[in-house]
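Heavy atoms only: backbone and side chains are in, while hydrogens, waters and symmetry mates are out.
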Amino acid sequence: TSSCLLTKTLSSVFMSVVVRQLGRAFRSKACTTKSIHSALKVHPAGPTRHFSRNLSNIQQAPQTLFTVPRASTSYNKVTVFHCTSLLSSLSNINLTMPPRRSARAAAKRQASTKAEAEAQAEVAESSATTTVAEADDATETPAKKAPARKSSLKKKPSTKATGKGKGKGQDKDKPATPKRRVSISKQASDGDGDSIKSLKRSQSTGVLREPLDRQPVPEGGSLLKVISWNVNGLRAVIRNNLDQLHNLIAEEDPDVVCIQETKLQEGHVDDFRNLLPNYSSFWTCSTAKKGYAGSVVFIKGTSVPEDSSAEQTAKAKPKLQKRQSSITSFLKDAAESQASETEGVKASDEVQGPTVHSVQYGIGHSKHDQEGRSVTIELDDVYIINLYVPNSGQKLERLPYRTKEWDPDLVAYMKELEKKKPVVILGDLNVAHLDLDIYNFDAKHIPKVSGCTPAERQGFSNMLSQGFVDTFRHFYPDASGQFTYWSARTNGRADDKGLRLDYFVASESLMSGASLKVIDSYQLPQYLGSDHCPIALLLHRA
């Protein structure tokens, strides 16, 4: 009796282990021959005695899988009986499980690639047939033309996709086409502009950059053009996109060029002094951290500040006297290119440009002026302040400093200068003021993104309430998609998923001035080389 009870107990334990192992195999969606073998490796005769048969043997002769020890024949017979019942029930189960996600994804990609290849082949065949038909029609006389053939070509259904997503962009007059991936470049080659627009809109929660009707330029008088650009590292621009910078200067012909985030140190400035021929330069660099922030202003000509007694002006004056023929410090190719392009150029003192009366670095507070974020240029009738406003940080660790210290001190500095002359501040102000300035303004995480927090946006509104104007929104209040920054990590520029962080903010008197007036403010997204694009301001002198 005890032997029988022991046998039943051991057989029950064995069966529970086998069932548990098989259950794990089924739940993991990996129920293959190998997993069945692994699940049945627990054997009462010992771990070294395990199954080595394939699935067909398991289903056909399960009793052959056991080695019966001589000492306990009755125990093993019971075990064989239970296992036979279990395996016979397994033979009725469909062991074909769905493939893993990776396999399904690979199959889907393969099917999509095959479908696209077939569609392209059909398009090529159709175009070839059309070309042959046109050639035949050109050689035939009008009497020999076959109108039926021509009409059949017109009625032939097109294989080009007209949109993406839930039926959007589908031509109602055309039959439904199978879903497949179509690139924007492919549609562009097909000439389907509406499809491209709908496709881009479906890929972005924002809207496309709308073309702007530029403001008219008054006749007579003279123009003052100012360009601002956050280059995100001047070395990188020179190394990889020097032609973009040169094209910008050659095509726009600005009087003032303001650059932010140069990421240079004082010892590197001399190597970049002659970066723009015929321009004087005024540099400020970060002393708090190496390779960080930094700003520079280029003024056309070699105007020396008149107030040479000022401390900041004295600091800038020797920089105007030292000239170099090329960039030579770190990139030989860039130096050779620069030297070749400057050959035959007239001396910079022969180029007429604005007169610089004074230069000031910083905004008058030592706690703000250690990172090279501001250069103020005094011209005849306006102050131009080149700014690189501090970023609040990915975790908003600098948000209190930005909103409670920097912003109020900046407004106070602007109001102090405005007592003498109108003021224009420009550059990367690191704030997206309106919903129109954010491509996904309705996303839940936006209030926690640096530059988009309610405190930063309210700080910008507070500045405007002090008698200043966002010049771009003054001329284009409802323009959408007009962004100046796109994340390089997400390739946001391709789909215009960006923010408007770069501004020209001017005194209200400059918007309706008699002698000097702002007449246009716009962006230049066609120039690459940075995660920001250049922006431009046009002022007219009567």
Asks: Indicate every side-chain donor-acceptor pair of residues 445-452 with a distance under 3.5 Å to a residue at least two apart or in another chain.
Replies:
{"from": "Ser450", "atom 1": "OG", "to": "Asn391", "atom 2": "OD1", "distance (Å)": "2.7"}
{"from": "Ser450", "atom 1": "OG", "to": "Ser392", "atom 2": "N", "distance (Å)": "3.3"}

Asks: Please determine, by modelled atom types, if Glu456 and Thr453 share a side-chain donor-acceptor pair under 3.5 angstrom.
Replies: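 Yes, a side-chain donor-acceptor pair sits under 3.5 Å.
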Asks: Thr484 side chain to Leu501 main-chain N or O, any donor-acceptor pair under 3.5 Å?
Replies: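 Yes.
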Asks: Taking all heavy atoms of Met414 and all of Val423, pick out the closest pair and write down the distance.
Replies: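 Closest approach of Met414 to Val423, heavy atoms only: O-CG2, 3.8 Å.
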Asks: Could you work out, with ring pair (Phe, Tyr, Trp, His ring centres under 6.0 Å) as the rule, every residue matching His365, not counting sequence neighbours?
Replies: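 Ring pair (Phe, Tyr, Trp, His ring centres under 6.0 Å) list for His365, sorted by chain: His368.
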Asks: I need the minimum non-hydrogen distance between Tyr401 and Pro390, along with the two atoms involved.
Replies: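 That closest heavy-atom pairing would be CE2-CG, 4.0 Å.
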Asks: Regarding Lys404 and Asp409, does a basic nitrogen lie under 4.0 Å from an acidic carboxylate oxygen?
Replies: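 Between Asp409 and Lys404 there is no salt bridge, as every charged N stays at least 4.0 Å from the carboxylate O atoms.
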Asks: Does Leu234 reach the side chain of Ile238, with side-chain heavy atoms less than 4.5 Å apart?
Replies: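 The answer is yes, as the side chains (C-beta and beyond) meet within the 4.5 Å cut-off.
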Asks: Check the pair Thr284 / Val296 against side-chain contact (heavy atoms from CB on, under 4.5 Å), numbers first and verdict last.
Replies: CA-CA 6 Å; Thr284 180; Val296 59; over 6 Å; no
Asks: Nearest 0.5 Å, what's the CZ-CZ distance between Phe472 and Phe504?
Replies: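 Nearest 0.5 Å value for the CZ-CZ distance: 12.0 Å.
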Asks: Answer yes or no: are there more than 12 heavy-atom neighbours, outside Lys367 itself, under 6.0 Å from its atom NZ?
Replies: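 Atom NZ in Lys367 is crowded, with more than 12 foreign heavy atoms closer than 6.0 Å.
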Asks: Which heavy atom in Tyr279 sits nearest to a heavy atom in Pro254, and how many Å separate them?
Replies: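 Smallest interatomic distance, heavy atoms only, reads OH-O, 2.5 Å.
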Asks: Please identify each residue that fulfils ring pair (Phe, Tyr, Trp, His ring centres under 6.0 Å) with Tyr383, with sequence neighbours left out.
Replies: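 Tyr383: no ring pair (Phe, Tyr, Trp, His ring centres under 6.0 Å) contacts found.
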Asks: Kindly compute the distance separating CD (Gln352) from OG1 (Thr355), expressed to the nearest 0.5 Å.
Replies: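 Spacing of CD (Gln352) from OG1 (Thr355) equals 8.5 Å.
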Asks: Applying salt bridge (charged side-chain N to carboxylate O under 4.0 Å, His left out), which residue pairs with at least one partner in residues 351-363 are found, sequence neighbours left out?
Replies: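 Those involving residues 351-363 do not exist here.
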Asks: Examine the side chains of Lys497 and Asn491 and answer whether a donor and an acceptor come within less than 3.5 Å of each other.
Replies: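 Side chains of Lys497 and Asn491: no pair found under 3.5 Å.
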Asks: Might you confirm whether atom CD of Gln394 has over 12 heavy atoms from other residues, nucleotides or ligands at distances under 6.0 Å?
Replies: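 Incorrect, the count does not exceed 12.
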Asks: Compare all side-chain heavy atoms of Val359 with those of Thr376 and state whether any distance is below 4.5 angstrom.
Replies: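 Of all side-chain heavy-atom pairs linking Thr376 with Val359, none is under 4.5 Å.
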Asks: Using a 3.5 Å distance criterion without hydrogens, assess whether the side chain of Glu261 forms a donor-acceptor pair with backbone atoms of Ala293.
Replies: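 Side chain of Glu261 to backbone of Ala293: no pair is present.
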Asks: Taking the side chain as C-beta and beyond, is there a heavy-atom pair between Leu248 and Ile227 under 4.5 Å?
Replies: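 Leu248 reaches Ile227 side chain to side chain.
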Asks: Under 4.0 Å between a Lys/Arg side-chain N and an Asp/Glu carboxylate O for Lys421 and Glu418?
Replies: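 Looking at Glu418 together with Lys421, the answer is no, because their closest N to O distance does not fall below 4.0 Å.
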Asks: Looking only at atom types and distance, does a side-chain atom of Arg493 sit under 3.5 Å from a main-chain N or O of Pro525, one as donor and one as acceptor?
Replies: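 A pair under 3.5 Å: yes.
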Asks: For Phe298, check ring pair (Phe, Tyr, Trp, His ring centres under 6.0 Å) against everything at least two apart and list the hits.
Replies: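 Listed in chain order: Trp283.
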Asks: So do Val256 and Leu537 actually touch side chain to side chain, heavy atoms under 4.5 Å?
Replies: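 Result no, sub-4.5 Å side-chain heavy-atom pair not found.
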Asks: For the pair Trp229 (side chain) and Ile535 (backbone), establish whether a donor and an acceptor sit closer than 3.5 Å, ignoring hydrogens and angles.
Replies: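 Between the backbone of Ile535 and the side chain of Trp229 there is no qualifying donor-acceptor contact (under 3.5 Å).
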Asks: Any donor-acceptor pair under 3.5 Å linking the side chain of Asn386 with the backbone of Ile259?
Replies: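 Yes; at least one donor-acceptor contact below 3.5 Å.
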Asks: Roughly how far apart are Phe475 CZ and Asp470 CG, rounded to 0.5 Å?
Replies: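 Between Phe475 CZ and Asp470 CG, I get 11.0 Å after rounding to 0.5 Å.
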Asks: Provide the closest heavy-atom pair for Phe468 versus Ser507 in the form atom of the first, atom of the second, distance.
Replies: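 Smallest heavy-atom distance, with atoms named: CE2-OG, 3.7 Å.
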Asks: Using every non-hydrogen atom in the two residues, find where Arg209 and Asp496 come nearest and quote the distance to one decimal.
Replies: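 The pair with the smallest heavy-atom distance is N-OD2, 3.3 Å.
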Asks: Going by atom types alone, do Gln260 and Ser295 pair a side-chain donor with an acceptor below 3.5 Å?
Replies: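 Absent: no donor and acceptor within the cut-off.
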Asks: Rounded to the nearest 0.5 Å, how far does OG1 of Thr471 lie from CD1 of Ile519?
Replies: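 That separation rounds to 12.0 Å.
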Asks: Using the test salt bridge (Lys or Arg N to Asp or Glu O under 4.0 Å), find all partners of Glu371 that sit at least two apart in sequence or belong to another chain.
Replies: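 Glu371 satisfies salt bridge (Lys or Arg N to Asp or Glu O under 4.0 Å) with Arg373, Arg398 only.
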Asks: Please examine the side chains of His540 and Leu516, heavy atoms only from C-beta on, and report whether any two atoms are closer than 4.5 Å.
Replies: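 The answer is no; the side chains never approach within 4.5 Å.
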Asks: Checking Ser286 side chain against Gly372 main chain: does a donor-acceptor pair fall under 3.5 Å?
Replies: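 Answer holds: no.
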Asks: Not counting sequence neighbours, list each pair that qualifies as a salt bridge (charged side-chain N to carboxylate O under 4.0 Å, His left out) and has a residue in residues 530-539.
Replies: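 Residue pairs passing salt bridge (charged side-chain N to carboxylate O under 4.0 Å, His left out), neighbours aside: none found.
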Asks: Would you mind reporting whether Tyr476 and Gln523 have side-chain heavy atoms less than 4.5 Å apart?
Replies: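 No, too far: nothing below the 4.5 Å cut-off.
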Asks: Are Ile377 and Ile385 close enough, and set up right, to give a side-chain contact (heavy atoms from CB on, under 4.5 Å), and what steps lead you there?
Replies: CA-CA 6 Å; Ile377 304 295; Ile385 307 174; over 6 Å; no
Asks: Please evaluate residues Ser461 and His433 with respect to the criterion side chain to side chain donor-acceptor pair (under 3.5 Å), reporting the C-alpha separation (whole Å), side-chain torsions for both, the decisive distance (0.1 Å), and the verdict.
Replies: CA-CA 8 Å; Ser461 297; His433 183 217; 2.7 Å; yes
Asks: Once side-chain hydrogen bond (donor to acceptor under 3.5 Å, both in side chains) is applied, what residue pairs with a partner in residues 217-226 remain, sequence neighbours excluded?
Replies: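 Matches after skipping sequence neighbours: Lys225-Glu252.
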Asks: Please round to the nearest 0.5 Å and tell me the distance separating atom CG of Leu410 and atom CD1 of Ile425.
Replies: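 These two atoms lie 5.5 Å from each other.
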Asks: Just do the salt bridge (Lys or Arg N to Asp or Glu O under 4.0 Å) check on Asp380 and Arg541 with the steps written out, would you?
Replies: CA-CA 11 Å; Asp380 291 334; Arg541 285 193 177 100; 5.1 Å; no
Asks: Decide side chain to side chain donor-acceptor pair (under 3.5 Å) for Gln466 and Asn462; before the verdict, give the C-alpha distance in whole Å, the side-chain angles of both, and the deciding distance to 0.1 Å.
Replies: CA-CA 7 Å; Gln466 297 296 315; Asn462 295 340; over 6 Å; no
Asks: Quick one: does Asn241's side chain have a donor or acceptor within less than 3.5 Å of a partner on Val237's backbone?
Replies: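 Between the backbone of Val237 and the side chain of Asn241 there is no qualifying donor-acceptor contact (under 3.5 Å).
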Asks: Nearest 0.5 Å, what's the CG-OG distance between Asp428 and Ser228?
Replies: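 Taking CG in Asp428 and OG in Ser228, the distance rounds to 8.0 Å.
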Asks: Please test Val257 against Val226 for side-chain contact (heavy atoms from CB on, under 4.5 Å), starting from the C-alpha separation and ending with a verdict.
Replies: CA-CA 6 Å; Val257 181; Val226 185; over 6 Å; no
Asks: Among all residues two or more places apart in sequence or in another chain, which pass the salt bridge (Lys or Arg N to Asp or Glu O under 4.0 Å) test with Asp520?
Replies: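 With neighbours one apart ignored, the set is Arg214.
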Asks: Could you tell me which residues satisfy salt bridge (Lys or Arg N to Asp or Glu O under 4.0 Å) with Asp437, sequence neighbours excluded, listed by chain and number?
Replies: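 Counting only residues at least two positions away or on another chain, Asp437 forms a salt bridge (Lys or Arg N to Asp or Glu O under 4.0 Å) with Arg473, Arg500.
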Asks: Please examine the side chains of Ser521 and His474, heavy atoms only from C-beta on, and report whether any two atoms are closer than 4.5 Å.
Replies: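 Not in contact.
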Asks: Hey, are the side chains of Pro354 and Ile299 touching, using non-hydrogen atoms and a 4.5 Å cut-off?
Replies: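 A side-chain contact under 4.5 Å exists here.
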Asks: What pair of heavy atoms forms the shortest contact from Gly362 to Tyr413, and how long is it?
Replies: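 Smallest heavy-atom distance, with atoms named: O-OH, 3.8 Å.
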Asks: Tell me every residue that passes salt bridge (Lys or Arg N to Asp or Glu O under 4.0 Å) with Glu251, counting only those two or more places apart in sequence or in another chain.
Replies: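 Expected list: none.
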Asks: Can you list everything that forms a ring pair (Phe, Tyr, Trp, His ring centres under 6.0 Å) with Tyr503? Sequence neighbours excluded, please.
Replies: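 Ring pair (Phe, Tyr, Trp, His ring centres under 6.0 Å) list for Tyr503, sorted by chain: Phe460.
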